[in-house]
Number of protein chains: 2
Amino acid sequence: MRKKEGNKEQAILNAAIQVFAQYGYHKAKVTDIAELAGVATGSVYLYYENKEALLTTIFEQLWQAYTAVLRETVKRTDIDPLQKIDAIVDLFFSMFISNPSLALVFVNEHHQLVKNKRGTVAKYFAGFLELAEEIYREGVRKHLFDASIDVRIFRDFLTGGMRNVLRQWADHATTTPLDRIRDNVKHFIKHGLIKR
Amino acid sequence: MRKKEGNKEQAILNAAIQVFAQYGYHKAKVTDIAELAGVATGSVYLYYENKEALLTTIFEQLWQAYTAVLRETVKRTDIDPLQKIDAIVDLFFSMFISNPSLALVFVNEHHQLVKNKRGTVAKYFAGFLELAEEIYREGVRKHLFDASIDVRIFRDFLTGGMRNVLRQWADHATTTPLDRIRDNVKHFIKHGLIKR
DNA sequence: TTTTATAGTGAATGACAATTCAGCTGTGTA
DNA sequence: TACACAGCTGAATTGTCATTCACTATAAAA
């Protein structure tokens, strides 16, 4: 028998994140990923079925971690819906703070994975949207949130906005610290643009 | 001499919008675009330098029309900054109301065109962001807008949110009419989620 | 030490699709 | 009628990778 030389599976996945972030999924070459990971091209296919499997694995791991915590948060009865929205936003940004490349892959390739409604990633995302809607309805029931907003428009605007601020941060990682962005987003979601 | 048979240039561009919208730029085949336009594959290259030129032409025409009107709006002194924000949103959505495919191309391919900071499209977009920031600062000066929001975060959240609600509309064109989405977005931008 | 099973390699293969170009077509002109 | 010439064609060319697989290396077992 031959021993495995270190954790190639993880090294390849990390390399994939870097290369996908830099070139985008479609222009990224499997050979470049292998080279960055320090393995031969063929080794990628020992651990992952094909190029697409690299992308889906990245997203599945991310969503699994995110939704596990979110479900717990939504269930809680000791915090109000407003604090739940805050928790969603906090948690979302916290997943990327130490990994701007992961953020870029997430925002740039999100759509093509969700487009395929059969995939695991689409199911995770649908579950996430359902949670967001639930919180919104809870907020309306408790007379905290503005009832005149359409739930779907609210959630789509929110997710689109968050993806885009995350992208800007990841593209120019040095400019504005992520926690400042996070606090601004939370404030804007609650109060909008107009001075109170 | 031989006469040109109808407006192939425009037919090809329209076909490109359809095919890009359906498959995404990277998976779209030039041959499919030619077939849909009712011309031979080679004819595409009589009118456009390459596949990418199709995409940039679509965006340049769109941005040219949008920014021309926007510049006029921002200059106006008879309306307040709030009404200017409304005008930006109204105009943005109105450009797509009769063409969901164009909306899909716009939201899905926007980023790869802006990434290349040298291109014409990136310049149009930078100009647009500058206008948005200007309106925001005018609103703060006039004590209408909340001064605690970071301009860049405001504009990034706004553009990301608008792109995403537009995408949802274009993907399921029958569900919610675009003018209802537009009004919800305007309301949310102004007042946020919390009941007043 | 030899055998064997698994890990890893990277050049070769094959598929796919952007782009080209040699030739065909139709129209105006002489 | 015949020539010229721009418009148009689509099969052939070409480049680019994703994926494969015949081969090598290594470590445990015999």
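Every chain is numbered from 1 and lettered A, B, ... according to where its sequence line falls, protein lines coming before strand lines. Remember, it's a predicted structure, so these values are computed and weren't measured experimentally.
A ring-centre distance under 6.0 Å is not found for B/W169 and B/F93. A ring-centre distance under 6.0 Å is not found for B/F125 and B/Y66.
Other residues, nucleotides and ligands contribute at most 12 non-hydrogen atoms within 6.0 Å of the NZ atom of B/K29.
Using a 4.0 Å cut-off on heavy atoms, the residues of residues 34-43 of chain A that approach DNA chain C are A/V39, A/A40, A/T41, A/G42, A/S43, listed by number. Sorted by residue number, the members of residues 46-54 of chain A with any non-hydrogen atom under 4.0 Å from DNA chain D read A/N50, A/K51.
A sub-4.0 Å separation between OP1 or OP2 of D/dC8 and a side-chain N or O of B/K8 is present.
There is no side-chain donor-acceptor pair under 3.5 Å between B/T176 and A/D150. When only modelled atom types and interatomic distance are considered, B/Q10 and B/N14 share a side-chain donor-acceptor pair under 3.5 Å. Side chains of B/Q112 and B/E109: a donor-acceptor N/O pair is present below 3.5 angstrom, by distance only.
In this structure, B/Y25 places its OH atom 14 Å from P of C/dA17, rounding to the nearest Å. Atom-to-atom, CG of B/N7 to C1' of D/dG7 comes out at 14 Å; the value is rounded to the nearest Å. With rounding to whole Å, A/H26 atom NE2 is found 11 Å from D/dA18 atom P. The OH-C1' distance, from B/Y45 to D/dT14, rounds to 13 Å in whole Å.
A side-chain contact (heavy atoms from CB on, under 4.5 Å) with B/K190 is found for exactly one of B/D86, B/I85, B/V185, namely B/D86.
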(request) Please assess B/K75 against B/E72 for the test salt bridge (Lys or Arg N to Asp or Glu O under 4.0 Å), listing each intermediate value before the final yes or no. (result) CA-CA 5 Å; B/K75 270 194 228 148; B/E72 291 312 307; 3.4 Å; yes
